[in-house]
*Asks:* 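Have a look at the structure that comes next, please.
Residue numbers run from 1 in the order of the sequence given. Quantities reported herein were computed from a predicted structural model and do not represent experimental measurements. Scope of the values below: all heavy atoms of this structure, side chains included, with no hydrogens, waters or symmetry mates.
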Amino acid sequence: MIDVPLSALEVAMVQTGRRAVETLRDTAAFAQGLERLGYHRVWYAEHHHSPAIGAFPPVVLIAHAAASTSAIRLGSGGVLAPNHAPLMLAEQFGTLAGLHGGRIDLGIGRGPGTFDEATARALRRGGPTTDAEYHEDVAAILSFLVDEVALDPLPEPWLLASSTAGAALAARRGLPIALAHHIRPDNTLAAVERYRADFTPSRWCERPRVLVCVEAVCAETEEEAAWRVGPMEVVKAGLLQGLSEIPFPTPAAAAAHPFTAEERRALAGFRAQQAVGTPETVVRRLAQLAGETGADELMLTTPVYDLDDRIRSYELIKKYAEVTTLS
(Lines give C-alpha, C1' and ligand atoms only; values in the text may rest on other atoms or scores of the structure.)
Protein backbone atom coordinates (compact mmCIF):
# COMPACT_ATOMS: atom_id res chain seq x y z
CA MET A 1 0.00 0.00 0.00
CA ILE A 2 1.17 3.53 -0.76
CA ASP A 3 0.07 5.99 1.91
CA VAL A 4 0.86 9.25 0.07
CA PRO A 5 -1.28 10.96 -2.59
CA LEU A 6 -0.72 9.97 -6.22
CA SER A 7 -0.73 12.56 -8.98
CA ALA A 8 0.11 12.72 -12.69
CA LEU A 9 2.33 14.70 -15.06
CA GLU A 10 1.02 14.98 -18.62
CA VAL A 11 3.80 15.54 -21.16
CA ALA A 12 1.47 15.42 -24.21
CA MET A 13 3.46 13.12 -26.47
CA VAL A 14 2.50 13.54 -30.14
CA GLN A 15 2.22 10.02 -31.54
CA THR A 16 3.52 9.11 -34.97
CA GLY A 17 0.55 8.74 -37.29
CA ARG A 18 -1.61 11.22 -35.38
CA ARG A 19 -1.99 14.97 -35.63
CA ALA A 20 -0.90 17.27 -32.83
CA VAL A 21 -4.46 18.56 -32.51
CA GLU A 22 -5.59 15.04 -31.55
CA THR A 23 -3.01 14.97 -28.76
CA LEU A 24 -4.22 18.40 -27.69
CA ARG A 25 -7.79 17.17 -27.45
CA ASP A 26 -6.67 14.20 -25.37
CA THR A 27 -5.33 16.43 -22.59
CA ALA A 28 -8.76 17.24 -21.16
CA ALA A 29 -9.90 13.61 -21.49
CA PHE A 30 -6.78 12.61 -19.58
CA ALA A 31 -7.61 14.97 -16.70
CA GLN A 32 -11.20 13.73 -16.62
CA GLY A 33 -10.00 10.13 -16.50
CA LEU A 34 -7.57 10.82 -13.67
CA GLU A 35 -10.26 12.66 -11.72
CA ARG A 36 -12.55 9.62 -11.99
CA LEU A 37 -9.73 7.43 -10.68
CA GLY A 38 -9.18 9.67 -7.64
CA TYR A 39 -5.77 11.12 -8.47
CA HIS A 40 -4.84 14.23 -6.52
CA ARG A 41 -3.54 16.54 -9.24
CA VAL A 42 -2.54 16.70 -12.91
CA TRP A 43 0.26 18.96 -14.11
CA TYR A 44 1.15 19.93 -17.67
CA ALA A 45 4.72 20.45 -18.87
CA GLU A 46 6.06 23.23 -21.10
CA HIS A 47 7.93 22.11 -24.23
CA HIS A 48 8.84 23.76 -27.52
CA HIS A 49 9.92 22.72 -31.03
CA SER A 50 9.86 18.96 -30.49
CA PRO A 51 8.49 16.36 -32.93
CA ALA A 52 7.62 14.11 -29.97
CA ILE A 53 6.02 16.57 -27.52
CA GLY A 54 3.27 19.08 -28.19
CA ALA A 55 4.10 22.79 -27.83
CA PHE A 56 0.98 23.44 -25.78
CA PRO A 57 1.23 26.25 -23.17
CA PRO A 58 0.45 24.83 -19.70
CA VAL A 59 -1.71 27.80 -18.79
CA VAL A 60 -4.03 27.06 -21.73
CA LEU A 61 -4.19 23.33 -21.00
CA ILE A 62 -4.95 24.03 -17.35
CA ALA A 63 -7.80 26.37 -18.26
CA HIS A 64 -9.22 23.84 -20.71
CA ALA A 65 -9.02 20.93 -18.27
CA ALA A 66 -10.36 22.99 -15.37
CA ALA A 67 -13.47 23.81 -17.38
CA SER A 68 -14.25 20.11 -17.82
CA THR A 69 -13.39 18.84 -14.32
CA SER A 70 -14.63 19.75 -10.87
CA ALA A 71 -12.32 18.47 -8.14
CA ILE A 72 -8.85 17.46 -9.30
CA ARG A 73 -6.03 19.99 -8.81
CA LEU A 74 -4.44 21.27 -12.02
CA GLY A 75 -1.19 23.06 -12.62
CA SER A 76 2.10 23.49 -14.44
CA GLY A 77 4.90 21.02 -14.14
CA GLY A 78 6.30 23.29 -15.03
CA VAL A 79 5.98 26.67 -16.57
CA LEU A 80 9.53 27.86 -17.31
CA ALA A 81 10.30 31.20 -15.69
CA PRO A 82 13.03 32.37 -18.11
CA ASN A 83 10.56 32.16 -21.01
CA HIS A 84 7.95 34.47 -19.45
CA ALA A 85 7.61 37.84 -17.79
CA PRO A 86 7.09 37.30 -14.03
CA LEU A 87 4.11 39.65 -13.85
CA MET A 88 2.41 37.86 -16.76
CA LEU A 89 2.80 34.48 -15.05
CA ALA A 90 1.43 35.87 -11.81
CA GLU A 91 -1.58 37.36 -13.61
CA GLN A 92 -2.29 34.22 -15.64
CA PHE A 93 -2.14 31.78 -12.74
CA GLY A 94 -3.79 34.19 -10.35
CA THR A 95 -6.70 34.47 -12.76
CA LEU A 96 -6.93 30.68 -13.08
CA ALA A 97 -6.98 30.33 -9.30
CA GLY A 98 -9.67 32.97 -9.02
CA LEU A 99 -11.83 31.16 -11.58
CA HIS A 100 -11.20 27.67 -10.21
CA GLY A 101 -10.65 28.37 -6.54
CA GLY A 102 -8.55 26.07 -4.45
CA ARG A 103 -7.26 23.75 -7.17
CA ILE A 104 -4.66 25.60 -9.25
CA ASP A 105 -0.90 25.04 -8.87
CA LEU A 106 1.93 27.16 -10.24
CA GLY A 107 4.91 24.86 -10.71
CA ILE A 108 7.94 26.97 -11.68
CA GLY A 109 10.96 25.57 -13.53
CA ARG A 110 14.12 26.88 -15.09
CA GLY A 111 14.96 24.83 -18.20
CA PRO A 112 14.38 26.18 -21.72
CA GLY A 113 11.85 23.49 -22.64
CA THR A 114 13.68 22.79 -25.90
CA PHE A 115 16.94 21.31 -27.18
CA ASP A 116 17.03 23.79 -30.06
CA GLU A 117 19.20 26.85 -29.40
CA ALA A 118 17.37 29.05 -31.92
CA THR A 119 14.04 28.25 -30.27
CA ALA A 120 15.50 28.96 -26.83
CA ARG A 121 16.74 32.35 -28.01
CA ALA A 122 13.36 33.16 -29.55
CA LEU A 123 11.61 32.32 -26.29
CA ARG A 124 13.98 34.19 -24.02
CA ARG A 125 14.87 37.11 -26.32
CA GLY A 126 18.47 36.91 -25.20
CA GLY A 127 21.15 34.61 -23.88
CA PRO A 128 20.98 31.88 -21.23
CA THR A 129 19.56 32.86 -17.85
CA THR A 130 22.05 33.12 -14.99
CA ASP A 131 21.42 31.72 -11.52
CA ALA A 132 20.92 35.23 -10.17
CA GLU A 133 18.40 36.13 -12.88
CA TYR A 134 16.42 32.94 -12.28
CA HIS A 135 16.34 33.58 -8.54
CA GLU A 136 15.11 37.13 -9.22
CA ASP A 137 12.39 35.80 -11.52
CA VAL A 138 11.12 33.38 -8.86
CA ALA A 139 11.10 36.11 -6.23
CA ALA A 140 9.27 38.48 -8.59
CA ILE A 141 6.58 35.92 -9.46
CA LEU A 142 5.87 35.29 -5.78
CA SER A 143 5.84 39.00 -5.00
CA PHE A 144 3.50 39.82 -7.89
CA LEU A 145 1.09 37.08 -6.79
CA VAL A 146 0.68 38.78 -3.43
CA ASP A 147 1.10 42.47 -4.22
CA GLU A 148 -0.34 42.82 -7.74
CA VAL A 149 -2.72 39.92 -8.35
CA ALA A 150 -3.98 39.61 -4.76
CA LEU A 151 -6.91 37.37 -5.62
CA ASP A 152 -8.33 34.85 -3.17
CA PRO A 153 -7.41 32.07 -3.26
CA LEU A 154 -3.96 32.36 -4.83
CA PRO A 155 -2.47 29.49 -6.80
CA GLU A 156 -0.22 27.15 -4.83
CA PRO A 157 3.39 27.77 -5.93
CA TRP A 158 5.91 24.93 -6.29
CA LEU A 159 9.51 24.94 -7.40
CA LEU A 160 10.65 22.25 -9.82
CA ALA A 161 14.17 20.97 -9.32
CA SER A 162 16.52 18.22 -10.42
CA SER A 163 19.64 19.25 -8.50
CA THR A 164 20.83 20.41 -5.09
CA ALA A 165 21.03 23.98 -6.41
CA GLY A 166 17.32 23.97 -7.23
CA ALA A 167 16.58 22.32 -3.90
CA ALA A 168 18.49 25.05 -2.07
CA LEU A 169 16.44 27.76 -3.81
CA ALA A 170 13.15 26.04 -2.94
CA ALA A 171 14.29 25.73 0.66
CA ARG A 172 15.36 29.36 0.90
CA ARG A 173 12.05 30.59 -0.52
CA GLY A 174 10.03 28.24 1.68
CA LEU A 175 8.35 26.58 -1.30
CA PRO A 176 7.20 23.00 -1.72
CA ILE A 177 9.52 21.16 -4.09
CA ALA A 178 8.79 18.88 -7.04
CA LEU A 179 11.81 16.72 -7.82
CA ALA A 180 12.34 15.47 -11.38
CA HIS A 181 13.36 11.91 -10.54
CA HIS A 182 12.06 10.93 -14.00
CA ILE A 183 14.80 13.07 -15.57
CA ARG A 184 17.77 12.95 -13.18
CA PRO A 185 17.21 10.11 -10.74
CA ASP A 186 20.81 10.11 -9.53
CA ASN A 187 20.29 13.57 -7.99
CA THR A 188 17.10 12.86 -6.08
CA LEU A 189 18.35 11.78 -2.65
CA ALA A 190 21.00 14.53 -2.41
CA ALA A 191 18.42 17.15 -3.44
CA VAL A 192 15.93 15.93 -0.82
CA GLU A 193 18.61 16.05 1.88
CA ARG A 194 19.67 19.57 0.91
CA TYR A 195 16.08 20.81 0.76
CA ARG A 196 15.15 19.52 4.20
CA ALA A 197 18.39 20.75 5.78
CA ASP A 198 18.02 24.30 4.43
CA PHE A 199 14.24 24.77 4.56
CA THR A 200 12.92 28.06 5.91
CA PRO A 201 9.16 28.34 6.60
CA SER A 202 7.23 30.95 4.60
CA ARG A 203 3.69 32.12 3.92
CA TRP A 204 3.59 29.47 1.20
CA CYS A 205 4.73 26.47 3.19
CA GLU A 206 5.21 25.94 6.94
CA ARG A 207 7.26 22.76 6.66
CA PRO A 208 9.19 20.94 3.93
CA ARG A 209 6.91 19.34 1.33
CA VAL A 210 8.42 16.95 -1.18
CA LEU A 211 6.80 15.70 -4.37
CA VAL A 212 8.79 13.16 -6.39
CA CYS A 213 7.97 12.68 -10.07
CA VAL A 214 8.73 9.20 -11.41
CA GLU A 215 8.18 7.50 -14.75
CA ALA A 216 5.60 4.77 -14.20
CA VAL A 217 4.32 2.42 -16.90
CA CYS A 218 2.06 -0.39 -15.73
CA ALA A 219 0.32 -3.27 -17.50
CA GLU A 220 -1.10 -6.68 -16.61
CA THR A 221 2.16 -8.42 -17.62
CA GLU A 222 5.84 -7.46 -17.69
CA GLU A 223 5.88 -8.08 -21.45
CA GLU A 224 2.99 -5.70 -22.07
CA ALA A 225 4.61 -3.03 -19.91
CA ALA A 226 7.86 -3.38 -21.89
CA TRP A 227 5.86 -3.04 -25.12
CA ARG A 228 4.21 0.16 -23.89
CA VAL A 229 7.43 1.76 -22.66
CA GLY A 230 9.21 1.05 -25.96
CA PRO A 231 8.34 4.30 -27.81
CA MET A 232 9.77 6.49 -25.07
CA GLU A 233 12.92 4.40 -24.99
CA VAL A 234 13.46 5.14 -28.68
CA VAL A 235 13.21 8.86 -27.89
CA LYS A 236 15.64 8.48 -24.97
CA ALA A 237 18.10 6.55 -27.13
CA GLY A 238 18.09 9.43 -29.58
CA LEU A 239 18.80 11.89 -26.79
CA LEU A 240 21.73 9.74 -25.67
CA GLN A 241 23.17 10.28 -29.15
CA GLY A 242 22.58 14.01 -28.96
CA LEU A 243 19.58 13.91 -31.27
CA SER A 244 16.55 16.01 -30.38
CA GLU A 245 14.47 15.57 -33.54
CA ILE A 246 13.12 12.12 -32.57
CA PRO A 247 9.41 11.46 -33.25
CA PHE A 248 7.38 9.38 -30.78
CA PRO A 249 6.99 6.04 -32.62
CA THR A 250 4.33 3.38 -32.45
CA PRO A 251 4.95 0.46 -30.08
CA ALA A 252 5.42 -1.85 -33.09
CA ALA A 253 8.07 0.44 -34.58
CA ALA A 254 9.77 0.74 -31.20
CA ALA A 255 9.87 -3.06 -30.82
CA ALA A 256 11.77 -3.26 -34.11
CA HIS A 257 14.17 -0.42 -33.29
CA PRO A 258 17.87 -1.46 -33.49
CA PHE A 259 19.17 -0.36 -30.07
CA THR A 260 22.90 -0.65 -29.60
CA ALA A 261 24.30 -2.66 -26.69
CA GLU A 262 25.40 0.59 -25.03
CA GLU A 263 21.93 2.10 -25.40
CA ARG A 264 20.31 -1.02 -23.94
CA ARG A 265 22.57 -0.85 -20.88
CA ALA A 266 21.86 2.85 -20.35
CA LEU A 267 18.11 2.42 -20.79
CA ALA A 268 18.00 -0.58 -18.45
CA GLY A 269 19.88 1.38 -15.81
CA PHE A 270 17.46 4.29 -16.07
CA ARG A 271 14.40 2.02 -16.07
CA ALA A 272 15.58 0.32 -12.87
CA GLN A 273 15.30 3.67 -11.08
CA GLN A 274 11.76 4.27 -12.35
CA ALA A 275 8.66 2.02 -12.07
CA VAL A 276 7.86 -0.21 -15.04
CA GLY A 277 6.04 -3.55 -15.01
CA THR A 278 3.04 -5.28 -13.47
CA PRO A 279 0.97 -3.60 -10.74
CA GLU A 280 2.92 -5.46 -8.05
CA THR A 281 6.29 -4.47 -9.53
CA VAL A 282 5.31 -0.84 -10.01
CA VAL A 283 3.65 -0.31 -6.64
CA ARG A 284 6.53 -1.99 -4.83
CA ARG A 285 9.00 0.32 -6.58
CA LEU A 286 6.88 3.40 -5.85
CA ALA A 287 6.61 2.45 -2.19
CA GLN A 288 10.38 1.97 -2.08
CA LEU A 289 10.97 5.40 -3.62
CA ALA A 290 8.51 7.03 -1.23
CA GLY A 291 10.31 5.42 1.68
CA GLU A 292 13.78 6.41 0.50
CA THR A 293 12.85 10.04 -0.09
CA GLY A 294 10.18 10.54 2.57
CA ALA A 295 8.02 11.97 -0.21
CA ASP A 296 4.74 13.61 0.74
CA GLU A 297 3.38 12.87 -2.74
CA LEU A 298 4.32 10.86 -5.83
CA MET A 299 3.66 12.20 -9.31
CA LEU A 300 3.60 9.65 -12.12
CA THR A 301 4.46 10.39 -15.72
CA THR A 302 3.42 7.72 -18.19
CA PRO A 303 4.64 8.43 -21.74
CA VAL A 304 2.90 5.62 -23.64
CA TYR A 305 1.43 5.74 -27.12
CA ASP A 306 -2.31 5.30 -26.61
CA LEU A 307 -4.50 7.42 -24.32
CA ASP A 308 -6.54 4.42 -23.19
CA ASP A 309 -3.37 2.48 -22.36
CA ARG A 310 -2.06 5.49 -20.47
CA ILE A 311 -5.19 5.82 -18.36
CA ARG A 312 -5.28 2.04 -17.85
CA SER A 313 -1.75 2.21 -16.43
CA TYR A 314 -2.87 4.81 -13.87
CA GLU A 315 -5.94 2.72 -13.05
CA LEU A 316 -3.91 -0.44 -12.38
CA ILE A 317 -1.48 1.43 -10.13
CA LYS A 318 -4.20 3.22 -8.16
CA LYS A 319 -6.22 0.07 -7.53
CA TYR A 320 -3.23 -2.02 -6.51
CA ALA A 321 -1.76 0.75 -4.34
CA GLU A 322 -5.00 1.09 -2.38
CA VAL A 323 -5.73 -2.58 -1.63
CA THR A 324 -2.35 -4.25 -1.35
CA THR A 325 -0.10 -4.50 1.71
CA LEU A 326 3.50 -4.96 0.62
CA SER A 327 5.72 -7.25 2.67
*Asks:* Looking only at atom types and distance, does a side-chain atom of Asp105 sit under 3.5 Å from a main-chain N or O of Gly107, one as donor and one as acceptor?
*Replies:*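 Absent.
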
*Asks:* Checking side-chain hydrogen bond (donor to acceptor under 3.5 Å, both in side chains) for the pair Thr69/Arg103: CA distance, chi angles, key distance, verdict?
*Replies:* CA-CA 11 Å; Thr69 57; Arg103 62 188 189 109; 3.0 Å; yes

*Asks:* Is there side-chain contact between Ile141 and Leu87, with heavy atoms separated by less than 4.5 Å?
*Replies:*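 A side-chain contact under 4.5 Å is absent here.
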
*Asks:* Between Phe93 and Val79, is there a side-chain heavy-atom distance shorter than 4.5 Å?
*Replies:*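 Yes; the side chains approach each other to less than 4.5 Å.
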
*Asks:* So do Val304 and Ser313 actually touch side chain to side chain, heavy atoms under 4.5 Å?
*Replies:*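 Not touching, per the 4.5 Å side-chain cut-off.
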
*Asks:* What's the shortest heavy-atom distance between Leu96 and Ile104, and which atoms?
*Replies:*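 So the two residues come closest at O-CG1, 3.6 Å.
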
*Asks:* Can a side-chain donor-acceptor contact be found between Gln273 and His182 if the only test is distance below 3.5 angstrom?
*Replies:*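 Looking only at side-chain atoms, Gln273 and His182 do not form any donor-acceptor pair under 3.5 Å.
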
*Asks:* Will you find, in the side chains of Glu215 and Thr302, an N or O donor that is under 3.5 Å from an N or O acceptor?
*Replies:*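 No, because no side-chain N or O of Glu215 sits under 3.5 Å from a partner of the opposite role on Thr302.
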
*Asks:* With distance as the sole criterion, is a donor-acceptor pair present between the side chains of Arg285 and Gln288 under 3.5 Å?
*Replies:*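 Checked: Arg285/Gln288 side chains pair up, N/O donor to acceptor below 3.5 Å.
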
*Asks:* May I ask you to check whether over 12 heavy atoms, not counting those of Glu193, lie within 6.0 Å of atom CD?
*Replies:*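 Not more than 12 within 6.0 Å, no.
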
*Asks:* Do Ser7 and Glu297 pair up side chain to side chain, a donor and an acceptor below 3.5 Å, judged on atom types alone?
*Replies:*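 There is such a pair between these side chains.
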
*Asks:* Pairs in or reaching into residues 145-170: which pass ring pair (Phe, Tyr, Trp, His ring centres under 6.0 Å), with residues at least two apart or in two chains?
*Replies:*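 Every ring pair (Phe, Tyr, Trp, His ring centres under 6.0 Å) pair that includes a residue of residues 145-170, provided the two are not neighbours, is Trp43-Trp158.
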
*Asks:* Closest approach of Arg196 and Thr293, non-hydrogen atoms and distance?
*Replies:*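 The pair with the smallest heavy-atom distance is NH1-O, 2.9 Å.
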
*Asks:* Give me the other members of the hydrophobic cluster that Leu99 sits in, counting Ile, Leu, Val, Met, Phe, Trp and Tyr linked by side-chain heavy atoms under 4.5 Å, directly or via other members.
*Replies:*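 Leu99 shares its hydrophobic cluster with no other residue.
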
*Asks:* When the aromatic ring centroids of Tyr314 and Phe30 are compared, is their separation below 6.0 Å?
*Replies:*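 When the ring centroids of Tyr314 and Phe30 are compared, they turn out to be within the sub-6.0 Å range.
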
*Asks:* Taking a hydrophobic cluster as the set of Ile, Leu, Val, Met, Phe, Trp and Tyr residues connected by side-chain heavy atoms closer than 4.5 Å, whether directly or through intermediates, do Leu300 and Leu61 fall within one such cluster?
*Replies:*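 Shared cluster, yes.
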
*Asks:* Check whether Arg228 reaches the backbone of Pro303 with its side chain - one donor and one acceptor, N or O, closer than 3.5 Å.
*Replies:*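 Pair absent, no side-chain N/O of Arg228 close to backbone of Pro303.
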
*Asks:* May I ask you to decide if Tyr305's main-chain N or O and Gln15's side chain share a donor-acceptor pair within less than 3.5 Å?
*Replies:*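 Yes.
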
*Asks:* Can you find a side-chain donor-acceptor pair between Glu46 and His48 that sits under 3.5 Å?
*Replies:*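 A pair is found: one side chain offers a donor N or O, the other an acceptor, under 3.5 Å apart.
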
